[in-house]
Protein chains: 2
Amino acid sequence: MNTPIIVAIVEDKDDIRQSLAILVNGADGFVCKQTYVNAEDALDDLTRYPVDVVLMDIDLPGMNGIECVRLLKPRHPDMQFMMCTIYDEEEKVFEALKAGANSFILKRSSPARLLDAIRELHDGGSPMSSSIARKVVGSFFNVPAPAEAERNTELDILTPREREILGRLSKGYSHKEVADELFVSPTTVRKHIFNIYEKLQVHTKVAAVNKYLNRTNL
Amino acid sequence: MNTPIIVAIVEDKDDIRQSLAILVNGADGFVCKQTYVNAEDALDDLTRYPVDVVLMDIDLPGMNGIECVRLLKPRHPDMQFMMCTIYDEEEKVFEALKAGANSFILKRSSPARLLDAIRELHDGGSPMSSSIARKVVGSFFNVPAPAEAERNTELDILTPREREILGRLSKGYSHKEVADELFVSPTTVRKHIFNIYEKLQVHTKVAAVNKYLNRTNL
DNA sequence: GGCTCAATACTCCATTTGTATGATTTTTGC
DNA sequence: GCAAAAATCATACAAATGGAGTATTGAGCC
């Protein structure tokens, strides 16, 4: 046995998370030292301390597992994400695939099957529960139009001008730089920003930009 | 065991075809009375006498297995096609999926796995060898493969502590809030942030967070 | 006409942040 | 054990930012 497969678990339910950890740690060739009860913690920690395979629950309090994958995958393309779900909800599956998930299993899968799946995933496969695979396979038959991304309705309450300014803030511009670009006074920009903060219920640039970029609950 | 799953086999190589038939007929709940050595015969016969599941070789003399599926599937939408192939050739996989194939397995799969797969297929699943699934899954996530070479190496030059602080900044925290969370003085946090700015070549929080979140090209 | 809203603009003030310089203690790699 | 890297803290100053109040103009609506 050479180096074990390093596994992380993101699952809010205590019993399930612990069972999974025990299963993984009890098997030869696997080790799991990183478990998380929510996506926020996982995102933060896994960015800094990547692992080989992440077992990610989809339905998490706060940020869901799919969002978490969407943020983590670009940072660590080699990290493999196995989505764990109770039901094979169609939309979720495709959403997760687009976010960069590599594998899908139903929680009712047997322990042996789960371990096999982790190994397969680590070896470059994409193990999937077959009912989920059916949905994916079926999507090819009817040439699906790539669904457009879900918008953030919060931004709708902003005026066009406010969105324009917020967009520039998201690039890291200062008040003055935005003002120069839009040919208005810095005071005006500040007033707009103040109004934006009120509408979005934030108090800092970074928080506002997070909402603008749909990263509301990092 | 109620009604057995009726299986047909389309495979030009005598030894493989016969082994498969023996395997299927020897197992409880399966029966295979229809085997074909080419796509033309299968097309003709299966049109008149449909079965539950068809094990279809892709590389056949004359008409290939994919063409055969393309013609048969519309006539019998409930008939399930399991493509059997030696290599997981990418183009072939997608071509077959579009033709209406439901399942994919590599010929080197174990007999037990094959029988499981047939049963799953009949039960509405789409069992796939995981390396094939990987191709399918990968087709959804269109990151031009920053596999290893051109990763976001910028974050690698940060120390763990710096990444930790940057992570908190990305949530919209102020210097003081970060300091309180990490039990250090605000001065220390500011020093870290300053060092981060130098390494990332930025001068504001928003710009740093953008790099952290890989959003360089807004 | 009167009303509302968006966009523009100003002032004043307190706080936060960015930059610079310097220093001490821990950790880590060889 | 030593040298390098990382983490810690301090002081100081200038710039940027967040917050509050006020005001003018023009567009659209009833």
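Here is the naming used below: chain letters follow the sequence lines, and residue numbers restart at 1 for every chain.
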Give a yes/no on whether any side-chain N or O of [X] is located under 4.0 angstrom from OP1 or OP2 of [N].
X      : N      : value
A:Y197 : D:dG19 : no
A:T187 : C:dC10 : yes
B:H175 : C:dG18 : yes
B:T188 : D:dC9  : yes
A:R161 : C:dT8  : yes

Would a distance-only check, ignoring hydrogens and angles, find a side-chain to backbone donor-acceptor pair under 3.5 Å from [X] to [Y]?
X      : Y      : result
A:N25  : A:V31  : no
A:N38  : A:D12  : no
B:S109 : B:I105 : no

Residue that, paired with A:H192, satisfies side-chain contact (heavy atoms from CB on, under 4.5 Å) out of A:E164, A:E162, A:H175 |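 When A:E164, A:E162, A:H175 are each tested with A:H192, the side-chain contact (heavy atoms from CB on, under 4.5 Å) holds only for A:E162.
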Contacts of type side chain to side chain donor-acceptor pair (under 3.5 Å), residue A:T188, not counting sequence neighbours =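 Testing A:T188 for side chain to side chain donor-acceptor pair (under 3.5 Å), a comparison that skips the adjacent residues, returns A:S185.
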Please tell me which of the listed nucleotides, [options], lies nearest to the side chain of [X]?
X      : options               : answer
B:R190 : C:dT17, D:dT8, C:dT8  : C:dT17
B:T204 : C:dA9, D:dA10, C:dG18 : C:dG18
B:S174 : D:dG19, C:dT16, D:dC9 : C:dT16

Nearest whole angstrom, please: distance from the [atom2] of [N] to the [atom1] of [X].
X      : N      : atom1 : atom2 : value
A:L166 : C:dA7  : CG    : P     : 13 Å
A:H203 : C:dT17 : NE2   : C1'   : 18 Å
B:H192 : D:dA6  : NE2   : C1'   : 8 Å
B:D180 : D:dT8  : CG    : C1'   : 16 Å
A:R163 : C:dA6  : CZ    : P     : 11 Å
A:K205 : D:dG19 : NZ    : P     : 13 Å
A:N195 : D:dT17 : CG    : C1'   : 15 Å
B:F183 : D:dC9  : CZ    : P     : 12 Å

Of A:L182 and B:I193, whose closest DNA chain C nucleotide lies nearer the 5' terminus?
->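 Nearest-nucleotide comparison on DNA chain C picks A:L182.
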For nucleotides 20-28 of chain D, just jot down a letter per nucleotide in 5' to 3' order: B, S or -, based on protein non-hydrogen atoms under 4.0 Å.
-> S-B------
Do NZ/NE/NH1/NH2 and the carboxylate oxygens of B:D180 and B:K176 come within less than 4.0 Å?
->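 Yes, charged N to carboxylate O under 4.0 Å.
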In terms of side-chain geometry, is the basic nitrogen of A:D57 or A:K107 positioned less than 4.0 Å from the acidic oxygen of its partner?
->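 Result for this pair is yes, salt bridge flagged.
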